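The residues of the chain are indexed from 1 along the displayed sequence. Computed from a predicted structure; not experimentally measured. Each ligand, and each atom within it, is numbered from 1 in the order the structure gives.
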Amino acid sequence: MRSGKRCASWGFTGLPYPEAYGGGGGSWVCFAIVLEELARIDCAVANSIMANSTVASLITNFGTHAQKEQYLRPILDGRKIGCIGLTEPNAGSDAAGLQTRAVETENGWIVNGSKIFISNSGTDVTGPVVIAAITGKKPDGRNEISNFIMPHGTPGFTYGAS
Ligand SMILES: Cc1cc2nc3c(=O)[nH]c(=O)nc-3n(C[C@H](O)[C@H](O)[C@H](O)COP(=O)(O)OP(=O)(O)OC[C@H]3O[C@@H](n4cnc5c(N)ncnc54)[C@H](O)[C@@H]3O)c2cc1C
């Protein structure tokens, strides 16, 4: 069994998330201990579960009920694994410097840009990719940054070489 699937079977992928969506309803302290212990053996596995958790947190806190059913449940129970697309060729530590932009049109949102170093992306179990993009300016002149759930099969959404 793949390590990710095994982690899911032990309830690690959904540990601190709501039971209503297939999570374990556990504590964040418990989840932190699990990640520490996984990282002691294999940082890549811990990082994979952590990246999945970042997506789970965004959808838990800001998603609609329908988005939670469609995108959250499968990444909590381990059928899929989520990706968080923040880093870009020119925006790493300085996340505010990202250049991907999203514009709303009559037919929905158009997102333009590219990301790098995205854990869990481009695999046969990759689920939702949550992508950060600039959607406007705040009153103080700083960029307004929003997150978009980018499902597999979105027209124009492609993976580069890893
Ligand atoms: C294993 C792994 C998994 C990752 N997974 C993801 C993912 O799932 N999603 C995602 O979006 N990104 C992911 N990343 C990317 C990661 O978030 C970036 O690598 C990180 O933000 C640093 O950006 P950078 O590599 O461009 O380095 P830079 O930001 O260019 O930094 C280079 C060096 O300069 C230093 N530095 C930067 N700014 C300052 C400053 N102001 N003052 C002093 N020193 C500074 C840094 O400490 C570092 O040593 C992953 C990276 C790794 C290694």
Side-chain angles (χ1 to χ4, degrees), residues 2-8 10-17 21-24 28 31-63 67-68 70-103 109-136 138 140-154 156-162:
R2 285 181 174 189
S3 49
K5 287 275 180 202
R6 193 171 297 156
C7 284
W10 290 328
F12 294 168
T13 45
L15 198 155
Y17 294 98
Y21 294 103
W28 284 94
F31 188 50
I33 293 168
V34 165
L35 289 176
E36 278 184 358
E37 291 301 315
L38 286 173
R40 274 157 50 95
I41 307 301
D42 189 334
C43 269
V45 173
N47 175 68
S48 182
I49 303 296
M50 194 188 70
N52 186 65
S53 169
T54 309
V55 175
S57 291
L58 284 168
I59 300 177
T60 297
N61 289 318
F62 304 110
Q67 288 170 335
K68 288 173 186 171
Q70 186 173 357
Y71 301 112
L72 179 63
R73 190 178 285 283
I75 66 170
L76 296 187
D77 66 23
R79 278 174 289 154
K80 296 284 181 187
I81 190 141
C83 314
I84 182 77
L86 176 64
T87 305
E88 298 180 0
N90 295 311
S93 307
D94 179 18
L98 60 83
Q99 293 170 354
T100 294
R101 289 187 175 273
V103 178
W109 287 86
I110 295 176
V111 181
N112 265 315
S114 58
K115 303 286 179 178
I116 55 169
F117 303 149
I118 310 307
S119 304
N120 303 335
S121 64
T123 78
D124 55 351
V125 288
T126 297
V129 183
V130 172
I131 286 177
I134 298 169
T135 46
K138 291 180 174 178
D140 64 6
R142 290 182 299 153
N143 285 330
E144 174 191 78
I145 296 173
S146 305
N147 285 291
F148 292 82
I149 299 172
M150 196 73 68
H152 268 303
T154 300
F157 177 32
T158 58
Y159 295 99
S162 55

Hydrogens and angles aside, do Thr13 and Asn52 bring a side-chain donor and acceptor to less than 3.5 Å of each other? no
Got a salt bridge between Asp140 and Arg142, using NZ or NE/NH1/NH2 to carboxylate O under 4.0 Å? yes
Show me the donor-acceptor pairs within less than 3.5 Å that the side chains of residues 80-88 make with the rest of the protein, sequence neighbours left out.
residue: Glu88; atom: OE1; partner: Gln99; partner atom: N; Å: 2.6
residue: Glu88; atom: OE1; partner: Thr100; partner atom: N; Å: 3.4
residue: Glu88; atom: OE2; partner: Thr100; partner atom: N; Å: 3.2
residue: Glu88; atom: OE2; partner: Thr100; partner atom: OG1; Å: 2.6
residue: Glu88; atom: OE2; partner: Lys115; partner atom: NZ; Å: 2.8

Distance col, row Ser119:OG vs Ile49:CD1, nearest 0.5 angstrom, shows 11.5 Å
Which residues pass the ring-ring contact (aromatic ring centres under 6.0 Å, His included) test with Tyr71, sequence neighbours left out? none
Polar pairs, ligand 1 vs protein, N/O only, below 3.5 Å.
residue: ligand 1; atom: 5 (N); partner: Phe117; partner atom: O; Å: 3.0
residue: ligand 1; atom: 5 (N); partner: Ser119; partner atom: OG; Å: 2.8
residue: ligand 1; atom: 8 (O); partner: Ser119; partner atom: N; Å: 3.0
residue: ligand 1; atom: 8 (O); partner: Ser119; partner atom: OG; Å: 3.3
residue: ligand 1; atom: 9 (N); partner: Ile84; partner atom: O; Å: 2.8
residue: ligand 1; atom: 11 (O); partner: Ile84; partner atom: O; Å: 3.4
residue: ligand 1; atom: 11 (O); partner: Leu86; partner atom: N; Å: 2.9
residue: ligand 1; atom: 11 (O); partner: Thr87; partner atom: N; Å: 2.8
residue: ligand 1; atom: 11 (O); partner: Thr87; partner atom: OG1; Å: 3.1
residue: ligand 1; atom: 12 (N); partner: Thr87; partner atom: OG1; Å: 2.6
residue: ligand 1; atom: 14 (N); partner: Phe117; partner atom: O; Å: 3.3
residue: ligand 1; atom: 17 (O); partner: Thr87; partner atom: OG1; Å: 3.2
residue: ligand 1; atom: 23 (O); partner: Ser93; partner atom: N; Å: 3.3
residue: ligand 1; atom: 29 (O); partner: Ser93; partner atom: N; Å: 2.8
residue: ligand 1; atom: 29 (O); partner: Ser93; partner atom: OG; Å: 2.7

By ring-ring contact (aromatic ring centres under 6.0 Å, His included) - contacts of Tyr159 (at least two apart): His152, Phe157
